[in-house]
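Below, chains carry the letters A, B, ... as their sequence lines are ordered, and counting in each starts from 1.
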There are 2 protein chains.
Amino acid sequence: MPYDRKHSSKECTGAMNSVKDALYVLSGKWKLPLILALSEGPMRFNEVQKALADITPKVLSKELRDLELNEFVERKVFDTVPVTVTYELTPYSQSVWPIIDALKEWGSQHRERIIKTRRTVSTTEKA
Amino acid sequence: MPYDRKHSSKECTGAMNSVKDALYVLSGKWKLPLILALSEGPMRFNEVQKALADITPKVLSKELRDLELNEFVERKVFDTVPVTVTYELTPYSQSVWPIIDALKEWGSQHRERIIKTRRTVSTTEKA
DNA sequence: CTGCATCCTATAGGATACTG
DNA sequence: CAGTATCCTATAGGATGCAG
């Protein structure tokens with residue numbers, strides 16, 4: 001069976017590692033949607049939660065801390081009563097925009113074609 | 001920090017759903033790397049396994065079936081002895097290339113900055 | 001060679017309740 | 001308001017062995 005290799009596997013391995021690395025920080029159910037949500041501007045904890053619709057505080061809290069760690073998000077505490085906390089994107093976070101954009105584009109164009117292999121209901125319809 | 005990313009929350013919700021949908025099919029540790037690997041041309045099961053380096057047959061098998069379900073990959077069986085099976089990308093799979101590309105680009109540019117929050121070692125170094 | 005069966009672990013993610 | 005604490009489930013992912 002003769003196949004033809006399109007390019008060297010060396011190149012591919014490098015690319016593979018890059019993709020894996022990116023995936024490492026950005027994959028998961030919430031990271032990218034979270035960044036997308038925050039692109040509207042600084043938001044408070046509750047507002048973010050509302051924007052994400054179905055995320056629980058525990059998970060949201062963890063995700064935000066992860067994003068903070070990787071400097072995508074900055075957390076600001078205002079000494080009011082009661083305390084006010086906002087989350088906003090860092091300039092650095094702009095670097096992931098192409099990814100979100102590609103995902104958004106793809107999702108909007110192929111939504112109908114998607115075959116659900118898991119039972120998790122993602123968005124549009126609930127049952 | 002002024003960004004230009006402000007837009008109405010309506011738009012944002014739509015975008016969010018698109019992103020979630022895309023993530024639904026494409027997220028996970030292997031889907032995208034797998035597609036990247038197969039971009040070299042048709043490969044046999046063992047070859048794919050080698051290309052992915054550290055994936056087990058069970059997982060590989062499942063991932064390939066998922067990709068097949070969503071028509072990113074076509075499985076071809078050749079009636080030889082022993083049987084030969086190849087996997088290759090469908091034309092449709094090209095639609096996800098922008099995503100892989102964005103990921104690859106981002107990964108290669110920000111690799112050094114990544115903070116590992118989990119102990120899973122993704123690629124470049126083992127410990 | 002291809003890849004399923006079985007068993008197992010880790011972790012992502014969630015429900016619910018509660019606190020400074 | 002902004003989370004944390006606790007408990008829990010599902011799933012991703014892995015190890016090993018075997019079968020067509």
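- Atom C1' of nucleotide C:dA12 and atom CG of A:Leu26 are separated by 16 Å, given to the nearest angstrom.
- With sequence neighbours left out, the salt bridge (Lys or Arg N to Asp or Glu O under 4.0 Å) criterion links B:Glu105 to no other residue.
- Rounded to the nearest 0.5 angstrom, A:Leu36 CG and A:Leu34 CG are separated by 9.5 Å.
- One atom, CD of A:Gln49, and another, C1' of C:dT16, lie 13 Å apart when rounded to the nearest Å.
- For B:Phe78 and C:dG3, the CZ to P distance is 12 Å, given to the nearest whole Å.
- For B:Thr56, there are no side-chain hydrogen bond (donor to acceptor under 3.5 Å, both in side chains) partners two or more places apart in sequence or in a different chain.
- Qualifying side-chain contact (heavy atoms from CB on, under 4.5 Å) partners for A:Gln49, counting only residues two or more places apart in sequence or in other chains: A:Phe45, A:Asn46, A:Ile55, A:Pro57, A:Leu60.
- For A:Ser108, the side-chain hydrogen bond (donor to acceptor under 3.5 Å, both in side chains) test picks out no residue, with sequence neighbours left out.
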Under 4.0 Å protein heavy-atom contact, by nucleotide of nucleotides 1-6 of chain D - B base, S sugar-phosphate only:
SSBB-B
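- Across all strands, A:Glu63 comes closer than 4.0 Å only to sugar-phosphate atoms, never to a base (heavy-atom distances).
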Between A:Ser93 and A:Val73, does the side chain to side chain contact (heavy atoms under 4.5 Å, CB included) criterion hold? Intermediate values first, please.
CA-CA 7 Å; A:Ser93 75; A:Val73 163; over 6 Å; no
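- Computed from coordinates, the A:Asp54 CG to C:dA12 C1' distance equals 15 Å when rounded to whole Å.
- In this structure, B:Lys29 atom NZ and C:dT11 atom C1' are separated by 12 Å, rounded to whole Å.
- The CD1 atom of B:Ile55 sits 14 Å away from the C1' atom of D:dA15 (whole-angstrom rounding).
- Atom NZ of B:Lys50 is separated from atom P of C:dT2 by 9 Å (rounded to the nearest Å).
- The distance from atom CG of B:Leu60 to atom P of D:dT16 is 18 Å, rounded to the nearest whole Å.
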Solution key, residues 95-102 of chain B side-chain donor-acceptor pairs under 3.5 Å, sequence neighbours excluded:
| residue | atom | partner | partner atom | Å |
| --- | --- | --- | --- | --- |
| B:Ser95 | OG | A:Trp106 | NE1 | 2.9 |
| B:Ser95 | OG | B:Tyr92 | O | 2.8 |
| B:Trp97 | NE1 | B:Asp101 | OD1 | 3.4 |
| B:Asp101 | OD1 | B:Lys104 | NZ | 3.1 |

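- The end-to-end axis angle of the helix from C:dC1-D:dG20 to C:dG20-D:dC1, rounded to 10 degrees and based on five pairs per end, is 50°.
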Please walk me through it: do B:Ser27 and A:Lys29 pass side chain to side chain contact (heavy atoms under 4.5 Å, CB included)?
CA-CA 8 Å; B:Ser27 75; A:Lys29 190 172 174 183; over 6 Å; no
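- Sorted by first then second residue, the salt bridge (Lys or Arg N to Asp or Glu O under 4.0 Å) pairs that include residues 70-82 of chain B, not counting sequence neighbours, are A:Arg113-B:Glu71, B:Lys76-B:Glu88.
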